[in-house]
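The structure appears right after this line, and notes come after that.
This one's a predicted model, so the numbers in the text were calculated from it and none came from an experiment. Side-chain atoms are counted along with the backbone in the values below, which use heavy atoms only and exclude waters and symmetry mates.
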Amino acid sequence: MSKLNAFVLTAMLAVMTQAGGATSVDAGTLDDIIARGELRVAVQTQGPPFSFMDKNGSRTGSAIELTTLMAEEMGVKVVYLDFDWDGLLPALMSGKADILAADMTPTLARATKVGFTKPFMYVGAVAFSKGDSAFKTVDDCKAPGTTIAVLLGSTGEKLAATVFPQGEIKSYKGAGTLLLDAVASGQANCGLNDSSAVAAQSSNYEAGTFTVFPEMLSKEPLAYAVRYDSMDLLSWANLFIDNTTLDGRLQTNLDYWVNSNKWNADH
């Protein structure tokens, strides 16, 4: 064997040995989940229709059913960790949770900290006012000095500054129901949130409490998130979205929880 061929063979064996060693000793997040027998999911404490405690005291919602299904497909149990909106990303990044399942938009800023799955659906932001107020259109809410309620740390907080540049933006820490309460009580003139959240949450109030304006002020994808050290879990979650899209389970979930208020009678 020539010296050149011997050198090449030695180099190839070294690379193969290193690759085999990495495969055998480096356990990924999926391995950790299977080994502990549980999938830890960060969810919003009260964020219907994706995650909330229903009238029977049970945690339910679109994200709850889908991540329960994830755990079943993995052959493990699911554990839910409740956080306010601004606590979701820190919980994931600190390692308390394996995956974040909420109605979160995968913005470029957030993606500098965590990795996002492919979108499982798209939504748009809408504005709303109290039903009997003088604010009847989006343009009415653009009047100078109008108070606009948004969620702290949400994409709506940033969008409001663009759509309502002369308004007074009031950020609330917690769930979207706080925005509805603020508008209903007169603490804010108008609110801004995802259309799916507004539709779901406003259905718990007396009819006519709010006027929800039909204009979609944005179009945004929604996705789940994992840490960047969990690319195996990210790949698996994307495959889960593909499979449940193809067999119809994802659409069935969204039609019940997001695209209608059918769930309200049951929960």
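- Under a 3.5 Å cut-off, the side chain of Asp31 and the backbone N or O of Gly28 do form a donor-acceptor pair.
- Taking the side chain as every heavy atom from C-beta outward, Thr107 and Lys158 never approach each other to under 4.5 Å.
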Using distance only, find each side-chain donor-acceptor pair of residues 218-227 under 3.5 Å and give its atom names and separation, not counting sequence neighbours.
{"unit_1": "Ser218", "atom_1": "OG", "unit_2": "Ala125", "atom_2": "N", "d": "3.1"}
{"unit_1": "Glu220", "atom_1": "OE1", "unit_2": "Thr105", "atom_2": "OG1", "d": "3.1"}
{"unit_1": "Glu220", "atom_1": "OE1", "unit_2": "Thr155", "atom_2": "OG1", "d": "3.3"}
{"unit_1": "Glu220", "atom_1": "OE2", "unit_2": "Thr155", "atom_2": "OG1", "d": "3.4"}
{"unit_1": "Arg227", "atom_1": "NE", "unit_2": "Asp229", "atom_2": "OD1", "d": "3.2"}
{"unit_1": "Arg227", "atom_1": "NH1", "unit_2": "Leu92", "atom_2": "O", "d": "3.1"}
{"unit_1": "Arg227", "atom_1": "NH1", "unit_2": "Ala97", "atom_2": "O", "d": "2.7"}

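- Between the side chain of Ser51 and the backbone N or O of Gly47, no donor-acceptor pair lies under 3.5 Å.
- Distance alone, capped at 3.5 Å, places no donor-acceptor pair between the Ser58 side chain and the Asp54 backbone.
- Taking 4.5 Å as the limit, every side-chain heavy atom of Val78 sits out of range of all side-chain heavy atoms of Met70.
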Indicate every side-chain donor-acceptor pair of residues 203-210 with a distance under 3.5 Å to a residue at least two apart or in another chain.
{"unit_1": "Ser203", "atom_1": "OG", "unit_2": "Ala200", "atom_2": "O", "d": "2.6"}
{"unit_1": "Tyr205", "atom_1": "OH", "unit_2": "Asp181", "atom_2": "OD1", "d": "2.5"}
{"unit_1": "Thr209", "atom_1": "OG1", "unit_2": "Glu206", "atom_2": "O", "d": "2.5"}

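- Distance check: Leu179 CG to Gln187 CD gives 10.5 Å after rounding to the nearest 0.5 Å.
- Once rounded to the nearest 0.5 Å, the distance linking CG of Leu69 with CD1 of Ile64 reads 13.0 Å.
- Within the 4.5 Å cutoff, the side chain of Leu192 has no heavy atoms near those of the Val163 side chain.
- Listed by chain and number, the residues in a side chain to side chain donor-acceptor pair (under 3.5 Å) with Asp32 amount to none (sequence neighbours excluded).
- Here OG1 of Thr112 is found 7.5 Å from OH of Tyr228. Values are rounded to the nearest 0.5 Å.
- When side chains are defined from C-beta on, Gln251 counts as touching Asn259, because their heavy atoms get closer than 4.5 Å.
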